Structure formats: structure tokens, C-alpha cells
2 protein chains.
Amino acid sequence: MKINSTPYRTIWPTADNAAVEIIDQTKLPHIFTTLRLETMRDAERAIRDMQVRGAPLIGVTGAYGVALSMKHHASDAALKASCDKLLLARPTAVNLRWGVERMRAFLALLPESDRAAAAWQEAARIADEDVEINASIGRHGSEFIRAMHEKKTSTVNILTHCNAGWLATVDWGTALAPIYTAFDAGIPLHVWVDETRPRNQGASLTAWELGQHGVPHTVIADNTGGHLMQHGMVDMAIVGTDRVTARGDVCNKIGTYLKALAAFDNGVPFYVALPTPTIDWTLQDGVKEIPIEERAAEEVTHISGLCDDGQVRTVRLTPENSRAANYGFDVTPARLVTGLITERGVVQADAGAMQVLR
Amino acid sequence: MKINSTPYRTIWPTADNAAVEIIDQTKLPHIFTTLRLETMRDAERAIRDMQVRGAPLIGVTGAYGVALSMKHHASDAALKASCDKLLLARPTAVNLRWGVERMRAFLALLPESDRAAAAWQEAARIADEDVEINASIGRHGSEFIRAMHEKKTSTVNILTHCNAGWLATVDWGTALAPIYTAFDAGIPLHVWVDETRPRNQGASLTAWELGQHGVPHTVIADNTGGHLMQHGMVDMAIVGTDRVTARGDVCNKIGTYLKALAAFDNGVPFYVALPTPTIDWTLQDGVKEIPIEERAAEEVTHISGLCDDGQVRTVRLTPENSRAANYGFDVTPARLVTGLITERGVVQADAGAMQVLR
């Protein structure tokens with residue numbers, strides 16, 4: 001999507017194919033800066049330090065990490081060492097494992113002398129596949145926005161939570177792909193952006209990427225969505241997801257469940273956008289079966305932002321001796337989900353309907 | 001309640017009855033400091049600058065403001081000027097108007113020479129009445145906590161939103177009064193404190209006052225309550241309210257509705273604590289009839305906290321060009337409310353049951 005009128009991806013090869021560049025997402029929204037990754041170590045550091053984040057983008061960065069290592073040492077031993085090292089950058093990232101293992105399996109079959117060039121092409125292919133999946137989610141999901149616009153003949157108001165935008169993928173995003181697609185097609189729309197405490201991915205990343213692409217949006221406290229829905233100010237909600245069970249329960253950023261309850265209570269359609277590999281067919285009851293990660297309490301007690309003096313500073317919000325708890329995700333039961341928007345089409349969030357995606 | 005083991009009210013006359021002291025609530029939770037109000041102007045400034053906040057406390061501070069003015073000038077003209085000036089400190093505060101007008105009506109009947117002493121006693125009476133109302137709410141509400149403890153025979157987990165604690169009143173608070181009463185009676189309990197964006201009254205004020213009194217508590221992002229309720233980690237929710245309609249719809253800090261939805265969805269009792277004058281008998285449908293105040297966007301885009309250097313600093317959270325919206329309150333429909341805890345007992349949130357409070 002666009003940054004200040006120029007089209008970007010979140011990761012791209014340099015003109016001479018000697019390196020890849022990324023956006024340093026730790027600096028957003030206050031500073032836009034790109035980083036050049038020349039070695040596997042650079043890629044590993046970018047993943048570990050969360051300069052790239054979002055499952056699909058981490059996977060692609062891992063793949064490029066393998067490709068960068070092949071430029072320097074293409075032996076079996078070097079391939080194994082690079083892949084193993086990259087996996088340790090974020091051991092729990094499923095997409096990182098997927099991207100790195102795909103590269104490992106692909107390269108293992110090739111002679112050493114072919115590996116550098118082939119790895120570069122394969123990493124680019126993985127990136128392009130991600131873009132195509134998200135573009136397809138965008139085409140399918142934008143039909144709901146178009147239909148809503150035709151029905152109400154005025155601006156369509158869409159609420160989203162967290163960042164499931166192009167910054168989390170190579171391009172388009174998942175939840176934001178339908179929004180960008182509809183916006184680029186000239187459908188008048190406006191996005192309510194949940195700030196998404198405690199890490200504020202909405203207020204920082206979603207607001208920034210929508211603003212750069214020119215999409216009208218308004219940041220709100222996470223407490224606000226219910227009130228807006230009660231007053232007809234939200235036409236639909238679209239969120240992303242980290243994991244969907246076989247019966248359609250949706251694990252996503254903490255607070256998603258509360259918005260889904262409000263949407264259901266007010267008859268507002270609640271859509272979840274996802275690439276089909278996000279479905280974990282081994283799980284049924286998401287509330288019972290998905291363990292919820294507890295993250296550092298400091299993400300609740302402290303927050304960073306841009307100070308008057310131009311510095312990004314961290315301030316403490318809570319009393320010195322108060323404990324805080326930080327659950328990263330929650331599970332929205334399938335009964336609250338209007339539809340799953342995938343690259344293969346839209347399906348209902350129930351075990352029977354989802355069979356077509358198997 | 002207690003601050004560092006010493007019992008306090010939020011406003012109290014000095015030993016020589018020459019002035020009143022207050023806690024400067026703008027400095028909490030990072031700095032505890034008291035202020036001496038010697039003149040009507042001091043009281044007016046404390047109200048205007050929100051050094052005192054919470055409807056009951058503002059009303060009492062207004063009453064003391066009138067009393068302070070009578071010490072210096074007790075003429076009819078001075079009485080009128082003082083009352084009129086105090087009302088302008090926060091023109092929309094219903095309790096301020098109530099406290100000041102009660103003083104005006106009471107003093108107007110007295111000879112000038114009696115006014116100073118009588119005003120001081122009347123202001124103290126208004127403060128004591130607030131304490132007694134809240135203590136009564138505490139007694140009634142604590143029975144639910146006691147019953148829950150007897151049923152589960154382990155720590156009772158209570159979720160609250162915003163600050164309806166003793167800092168918002170003269171003592172005890174409304175939503176927190178049952179909690180303090182149960183805690184002081186030795187019932188094991190723990191409070192989940194919603195941080196309550198955007199102004200963070202939970203993370204700053206509720207966490208601070210619970211901590212000072214020794215009540216176990218944990219601060220959470222506002223997004224978290226639904227997840228906790230899904231997992232049996234909340235036994236009941238107790239919140240305050242700014243206005244209740246004749247049929248029991250509850251206007252309270254933005255985000256209350258979302259927690260009430262989650263409580264209903266998970267069978268968690270959801271109580272609202274209030275003094276009966278909070279009921280507006282002229283209103284029925286809260287969602288339709290109660291206008292919701294829009295506050296400054298800066299409360300969403302910026303936040304203050306304690307910086308590493310010991311200074312309280314303000315940082316910007318959002319991109320420079322992103323709009324923000326800030327709705328202060330929402331309305332929880334009566335169907336989601338388990339009971340109204342008042343100083344006159346507990347009643348169901350419906351028009352028929354509420355007749356006993358009329």
C-alpha cells in the first residue's frame with residue numbers, strides 16, 4: 001500500500017538483489033525509517049527485535065534470511081546452521097517455522113552452486129504468494145462493503161481491532177485488505193480504529209497505515225465500540241485472527257470478544273479475515289482448548305509515546321505497588337461471528353460450512 | 001478510608017476550623033499531596049482544576065466553598081456572589097448545583113451574624129450525609145460478596161470499571177463501598193481494576209486507593225474482562241453510575257456496556273451501586289434519551305505518566321494526522337443489570353421494582 005503516495009511492501013529486495021529492505025516497525029508511528037538487511041544475522045535480529053512483526057511478514061523475513069545466508073555460504077552445514085538460528089529468533093512463531101522449513105526443504109534438493117539464486121527466487125515467491133492471498137481476501141471482503149454502500153448510499157463505517165493490516169503482511173493485510181480494496185475502488189468508507197491496549201497496535205500501526213494510504217479513520221479507546229454500535233455508527237466490524245478452530249471459534253487480540261458481543265447485541269455484522277492456513281483443524285472449543293499467552297505486566301503499567309521534546313519516552317501509568325495482568329488474546333465463540341473471509345471465499349463460522357476449506 | 005495506614009476523608013476541616021483540606025487528585029497516583037482551601041476562590045479553583053472530582057465530592061466542596069466565603073463576608077450580596085461564582089466552576093455538575101443551592105437556601109433564612117458558624121455546620125452535615133449514604137451502600141452490597149464467599153469458600157474476584165471509589169465521594173465510594181466493607185470484615189477478595197481509557201481513572205485512582213487501603217487488586221487493560229469472565233476468574237462486577245433511568249438503564253463511563261454484555265454472556269452478576277438521587281425519574285430509554293458528552297480528542301491521542309526522570313510527562317500515542325473521538329459515557333440497558341445497590345437497599349433494575357425508591 002502507499003506511504004506518502006509511494007507504493008510499498010513491508011519487505012522488498014534491493015535493486016541489485018544484494019539485500020532486502022524493511023520498514024523498522026518499532027519506530028512507528030512517530031518515525032518512518034527503512035532498514036537494509038544484508039545477512040542472515042540482520043534478518044534474525046529484525047525478527048527478534050520485532051522490527052518486523054505480523055505472522056505472514058515474519059515468515060517471509062525468515063525465508064529471505066535463509067536466502068541471504070545462501071549468498072555467502074551454500075553448503076548443507078551452512079543451510080542447517082542458518083535455518084536453526086533463524087527459528088530461534090521467535091521460537092513460537094508458526095509462520096516463521098513454516099517459511100524457514102519450506103526454504104530448507106526446497107534448497108536441500110538442489111546442488112550447492114544453484115542454491116543462492118534459487119533461494120532468492122523462492123523467497124520472492126513466498127512473498128508474492130502472501131500478497132496474492134491477501135489481495136484475494138480483499139476482493140471477497142470488499143463485496144460486503146460494496147453491498148453495504150449500495151444499501152445505505154452513504155459512507156460505510158467499519159470498526160477494526162488491533163493491526164491486521166498490510167504492515168503485518170507483505171501487502172494488503174488481512175482485516176484491512178477488504179477496506180483497502182473497497183477504498184481503492186472508490187467506495188466511500190471510514191474506519192473506527194480501536195487503539196488496542198495494552199500494546200496499542202491500533203493507535204500506532206493501523207492508524208498510521210490507513211493515514212498513509214489516505215483512508216479516513218478515527219482512533220477510539222477500546223471502550224467505545226459498544227456505544228458506537230448502539231447508535232448506528234458502525235455498519236460492520238472486520239478483524240484478523242491468530243487461530244480459528246474447526247468449528248469457527250476465533251482467537252484474536254484481547255478485547256475482540258467484547259466487540260463481537262456488542263456487534264451481536266446490535267445486529268452489526270462481525271467478520272473475521274484470515275488466510276485458510278490460520279485454521280487449526282485439530283481444535284474445536286476455542287475457549288477451552290486454546291491456551292492464552294500472558295505477557296509482561298509492564299505493557300499495562302507503562303506506555304511509550306512521543307514527548308514534547310521530540311523524544312520517544314516511556315511513562316508509568318499505575319501506582320508503584322499495583323500489580324497488573326496482561327492476557328494477550330481472547331476467544332470469540334463462533335456464534336458471534338457473521339462470516340470468515342478467506343482467500344478461497346467467505347464461509348460461515350461453523351464446522352459444517354467450513355468443510356469446504358479443508 | 002486509609003492512606004498508608006492513616007484514615008482519611010477526601011475533604012476535612014482543619015483543626016482550627018479556619019479552612020478545609022483536600023487531596024490534590026490531579027497528582028495521583030504518582031504524588032500524594034494535600035491542599036489547604038482558605039477562601040471561596042480556593043474552593044472554586046479546586047473544583048475547576050479537578051483537584052477534587054466525583055459528583056458527591058464536588059457537591060461537598062461547593063458547600064464548603066460557600067461556608068468559607070461566609071467567614072469573610074456574610075451579607076446577602078456576598079452570599080449571592082459566592083454561590084454564583086462557585087456554580088460557574090463546573091456549570092454542568094448537578095451535585096455542585098445541589099450542594100451550593102442547599103447552602104444558599106439554608107443561609108438566606110438566617111441573620112448575617114449567624115451565617116458563618118451555621119454554614120460551617122451545614123457543610124459538615126452535607127459531608128456526613130454523603131458518608132452515611134455510601135456506608136449504607138457498602139453494607140447492602142457487601143452481602144453479595146459475603147454470600148459469594150460462603151458459596152465458593154475462596155477469594156471473591158470482583159471487577160470494577162473507572163473510579164467510583166472513596167476518592168469520588170467524601171468516604172467509602174459507591175461501587176467500592178461494598179468492597180471496602182467486605183474487606184474490612186475480613187472476607188478474602190481481590191479486585192480486577194479496568195484501567196478505564198482514555199482518562200485511566202481505574203489505573204490511577206482506583207488502583208491507588210485500593211492499594212493504600214490494602215485491598216488486593218490487579219490492573220488490567222479494558223479489553224481483558226471478557227476473557228476473565230469466560231474463564232471463571234470474575235465472580236461479580238460492581239460499577240458506579242452517573243445517571244440511572246426510571247426503568248433501570250445505567251449511564252456510566254464509556255466501556256461499562258461492554259463489560260455488562262460479557263457478564264451477561266457468562267452468567268456473572270453485574271451490580272450497579274448508586275445513591276438514589278442518581279435516578280432520573282424523567283427518563284426511560286437511556287440509549288435513546290441520554291445525550292453522551294464528547295470530550296477532547298487529546299485524551300485519546302495523548303497520555304500522562306511518570307517518566308524515568310521523576311517528572312510527570314505527556315506523550316503522544318497516535319500518528320500526527322490521525323483524528324480521534326472521545327465519547328465519555330455509554331448506556332447499559334437494564335436487561336444486563338443484575339441489581340441496583342442503593343443506600344435504601346438492593347432493587348432490580350426495572351420500572352416496577354424501582355417504584356419502592358420513588
Side-chain angles (χ1 to χ4, degrees), chain A residues 28-30 192-193 195-198 200 203-204 207-208 210-211 217-228 230-231 253-259 261-262 265 287 292 300-308 312-327 329-331, chain B residues 28-30 192-193 195-198 200 203-204 207-208 210-211 217-228 230-231 253-259 261-262 265 287 292 300-308 312-327 329-331:
Chain A
L28 295 176
H30 306 300
W192 295 107
V193 178
E195 63 174 344
T196 320
R197 285 279 293 150
N200 269 34
S204 52
W208 184 84
L210 289 173
H217 65 283
T218 305
V219 179
I220 49 175
D222 300 305
N223 284 322
T224 312
H227 168 72
L228 298 176
Q230 283 180 320
H231 289 270
K253 190 65 53 189
I254 191 83
T256 302
Y257 167 52
L258 295 171
K259 294 307 143 57
L261 283 167
D265 199 45
V287 174
I292 300 297
V300 175
T301 58
H302 291 68
I303 198 165
S304 296
L306 191 67
C307 205
D308 282 349
V312 173
R313 293 184 184 274
T314 300
V315 296
R316 201 181 71 217
L317 303 174
T318 51
E320 198 167 3
N321 297 317
S322 289
R323 286 185 55 225
N326 183 8
Y327 297 88
F329 302 89
D330 65 20
V331 173
Chain B
L28 296 177
H30 306 300
W192 294 108
V193 178
E195 63 174 343
T196 320
R197 287 279 292 149
N200 269 34
S204 52
W208 184 84
L210 289 174
H217 65 283
T218 305
V219 179
I220 48 175
D222 300 305
N223 284 322
T224 313
H227 168 72
L228 298 177
Q230 283 179 319
H231 289 270
K253 189 64 54 186
I254 191 83
T256 302
Y257 167 52
L258 295 171
K259 293 308 143 56
L261 283 167
D265 199 44
V287 173
I292 300 297
V300 175
T301 58
H302 292 68
I303 198 165
S304 296
L306 191 68
C307 206
D308 281 349
V312 173
R313 293 184 184 275
T314 300
V315 297
R316 200 180 74 218
L317 303 174
T318 51
E320 199 167 2
N321 297 316
S322 289
R323 285 185 55 226
N326 182 9
Y327 297 88
F329 302 90
D330 64 21
V331 173

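Values in this document were obtained by computation on a predicted structure and should not be read as measured data. The sequence lines fix the lettering, A, B, ..., with proteins before strands; numbering per chain opens at 1. Reckoned from all heavy atoms, side chains included, excluding hydrogens, waters and symmetry mates.
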In terms of heavy-atom proximity below 4.5 Å to chain B, should [X] be classed as side chain, backbone, both, or neither?
X	result
A/Leu210	neither
A/His302	neither
A/Ile292	side chain
A/Ser304	backbone

side-chain contact (heavy atoms from CB on, under 4.5 Å) between B/Leu258 and A/Lys259: does it pass, once the steps are laid out? CA-CA 7 Å; B/Leu258 295 171; A/Lys259 294 307 143 57; 3.6 Å; yes

Just how far is it from atom OG1 of A/Thr314 to atom CZ of B/Arg313, taken to the nearest 0.5 Å? 12.0 Å

Roughly how far, to the nearest 0.5 Å, is the CZ atom of B/Arg197 from the CD atom of A/Glu195? 4.0 Å

Count the heavy-atom pairs under 4.5 Å between each of B/Asp265, B/Val312, B/Asn321, B/Leu228 and chain A, then report the option with the highest count. B/Asp265

Which residues pass the side-chain contact (heavy atoms from CB on, under 4.5 Å) test with B/Thr196, not counting sequence neighbours? B/His161, B/Cys162, B/Asp194, B/Gln201, B/Asp222, B/Lys253

Please work out whether the ring planes of A/Trp192 and B/Tyr327 are parallel, tilted or perpendicular, with thresholds of 30° and 60°. perpendicular

If only atom types and distance count, is the side chain of [X] paired as donor or acceptor with the main-chain N or O of [Y] below 3.5 Å?
X	Y	answer
B/His30	A/Arg316	yes
A/Asn223	B/Pro198	no
B/Gln230	A/Val331	yes

How close do [X] and [Y] get, heavy atom to heavy atom, and via which atoms?
X	Y	value
B/Ile254	A/Thr224	CG1-CA, 3.8 Å
A/Asp330	B/His227	CB-CB, 3.8 Å
B/Pro319	A/Pro29	CG-CB, 3.7 Å

Name the option with the most non-hydrogen atom pairs under 4.5 Å to chain B; the candidates are [options].
options	value
A/Leu306, A/Leu261, A/Ile220, A/Asn326	A/Leu306
A/Ala221, A/Gly211, A/Ala325	A/Ala325
A/Asp308, A/Leu28, A/Val300	A/Val300

For A/Arg323, salt bridge (Lys or Arg N to Asp or Glu O under 4.0 Å) partners two or more places apart: none

With side chain to side chain contact (heavy atoms under 4.5 Å, CB included) as the test, pick out the partner of B/Val219 among A/Leu317, A/Thr318, A/Thr301. A/Thr318

